[in-house]
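Remarks on the structure that follows.
What you are looking at is a predicted structure, and each value in this text was computed from that prediction instead of being measured. Numbering of ligands and ligand atoms starts at 1, following listing order.
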Amino acid sequence: MKLCWQIDAPLEPAMLSLMQTAADQAARCEGIERLCAVSVRLCSDEQIRELNRDFRGIDRATDVLSFPLIRYPEGTTAGQADALVRGCYDDEADACMLGDLVISVEHLLAQAEEYGHSPAREAAYLLVHGLCHLFGYDHIEENDKRRMRAMEEKILSGIGQSRDEAAPVTDETLLVLAREAMERSYSPYSHFAVGAALLCEDGRVFQGCNVENASFGLTNCAERTAVFKAVSEGAREFTAIAIAAQGSAPWPCGACRQVLNEFAPGIRVLVTWDGKADEAPLQALLPHGFGPSELPDGKE
Ligand code: THU
């Protein structure tokens, strides 16, 4: 990744070189194969305040501002939008220009002190945060925020600058989200409410509940609701699913085991009911399962 620097406020060379390392790691983690460029301006609080006022109508200094050049389709990020990235080729940079970042050095140094870590780590974090915005991530909705934090964490941990507070979703959180989803069950016929929470590799969580139908046969289980929501939002890699019900352990039905196996044969299945919990790998629930790799095309 080419960083085109505009330095109005200086930082030590070691910090600039860590930022370059972070930018290269970000492109790798995002899966951008093309050479990309980003302009990075290091400035004072007063300068970033002016930009924040002029472009966002917020008359105060901040740590980092991002001005992406690409508008990614909903749910898509740079790694999945090669045509858009390619379209941003810039002669001068001789690379695909993703946008501009502005970082206040005063804010950077003050935040490093406040959080008790090195200025270099704060510099890497602010750059990575800004780059993620240029890649199309944001943190307005809770799920988008988890996805962005997971990507930031992946990049930063890859260069030894992990952020402790970007904790992964724990089993306990996933179980709580499954119980919450259970409350939204539509089950007037069986009166057996089920909720699910599906954790994706990229940190997103999709919840689902069972949705019954007067025709009975059209009922959709909580697990498949969650899987279909995830797939239709562009997520296909799943690490764990939590399922909640009351009265008995809600191990997934055969159809749901098969659907989970399609995308995530290695997924962990957690169940919770009446204050109890248990777990098993899908492999144990669907031994010798039939999946995409059994088909001739899948083997290629
Ligand atoms: N159900 C689920 O949501 N998940 C399962 O894996 C088993 C069954 C729902 C479907 C139906 O609404 C109710 O539980 C009773 O079968």
Side-chain angles (χ1 to χ4, degrees), residues 74-75 141-147 150 167-295 298:
E74 183 80 22
E141 301 281 330
E142 191 53 38
N143 248 342
D144 294 339
K145 183 169 162 181
R146 283 200 198 101
R147 187 189 193 197
V169 176
T170 62
D171 287 356
E172 197 39 59
T173 303
L174 209 57
L175 291 166
V176 167
L177 292 171
R179 288 185 204 110
E180 184 192 280
M182 180 181 78
E183 302 298 329
R184 296 190 287 267
S185 159
Y186 176 73
S187 42
Y189 307 109
S190 73
H191 304 289
F192 188 65
V194 187
L198 179 67
L199 176 61
C200 306
E201 184 75 46
D202 65 12
R204 283 184 282 178
V205 175
F206 290 89
Q207 293 173 288
C209 63
N210 52 335
V211 182
E212 298 189 344
N213 190 274
S215 72
F216 290 14
L218 285 178
T219 291
N220 207 58
C221 294
E223 300 89 320
R224 275 177 291 146
T225 303
V227 171
F228 296 156
K229 280 174 68 182
V231 172
S232 62
E233 294 299 318
R236 289 187 191 170
E237 288 177 47
F238 311 132
T239 55
I241 185 166
I243 309 157
Q246 278 165 327
S248 64
W251 293 107
C253 74
C256 289
R257 293 177 198 204
Q258 182 67 24
V259 168
L260 287 168
N261 187 60
E262 179 76 15
F263 298 101
I267 198 171
R268 291 165 57 229
V269 179
L270 318 176
V271 289
T272 177
W273 73 103
D274 305 344
K276 291 175 261 191
D278 199 355
E279 88 162 84
L282 182 64
Q283 286 295 303
L285 303 177
L286 191 67
H288 308 293
F290 182 80
S293 61
E294 268 61 58
L295 294 170

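For ligand 1, the atoms sitting less than 4.0 Å from at least one non-hydrogen atom of P252 are 6 (O), numbered in the order shown with element in parentheses. The ligand atoms of ligand 1 that sit less than 4.0 angstrom from a heavy atom of F192 are 13 (C), 14 (O). Against a heavy-atom cut-off of under 4.0 Å, S190 is close to the following atoms of ligand 1: 13 (C), 15 (C).
Ring geometry for F216 against Y189 counts as tilted: the plane angle lies between 30° and 60°, on a 0 to 90° scale.
Put simply, no part of S187 is less than 4.0 Å from ligand 1, judged by heavy atoms.
Protein heavy atom at the shortest distance from atom 1 (N) of ligand 1 is C221 SG, 3.7 Å. What sits closest to atom 3 (O) of ligand 1 on the protein, heavy atoms only, is A222 N, 2.9 Å. The closest protein non-hydrogen atom to atom 9 (C) of ligand 1 is N210 ND2, 3.5 Å. From the protein, the heavy atom lying nearest to atom 10 (C) of ligand 1 is T219 CG2, 3.7 Å.
Inside a 4.0 Å radius of atom 16 (O) of ligand 1 there is not any protein heavy atom.
Considering backbone and side-chain atoms together, C253 places an N or O closer than 3.5 Å to an N or O of ligand 1.
D202 places no side-chain N or O within donor-acceptor distance of the main-chain N or O of A150, the cut-off being under 3.5 Å. Proximity of a side-chain donor or acceptor of N210 to a complementary backbone N or O of F192 within less than 3.5 Å is detected. R257 places no side-chain N or O within 3.5 Å of a backbone atom of L282 that could act as its donor or acceptor partner.
With a 4.5 Å cut-off on side-chain heavy atoms, L175 and E172 count as touching.
Within the model, atoms CG of L270 and CG of D278 stand 9.5 Å from one another, a figure rounded to the nearest 0.5 Å. Separating the CG atom in N261 from the CG atom in L285 is a distance of 10.5 Å, to the nearest 0.5 Å.
A salt bridge is absent between D274 and K276: the closest approach of a Lys/Arg side-chain nitrogen to an acidic carboxylate oxygen does not fall below 4.0 angstrom.
For atom 13 (C) of ligand 1, the choice among E223, R224, E212 with the nearest heavy atom turns out to be E212.
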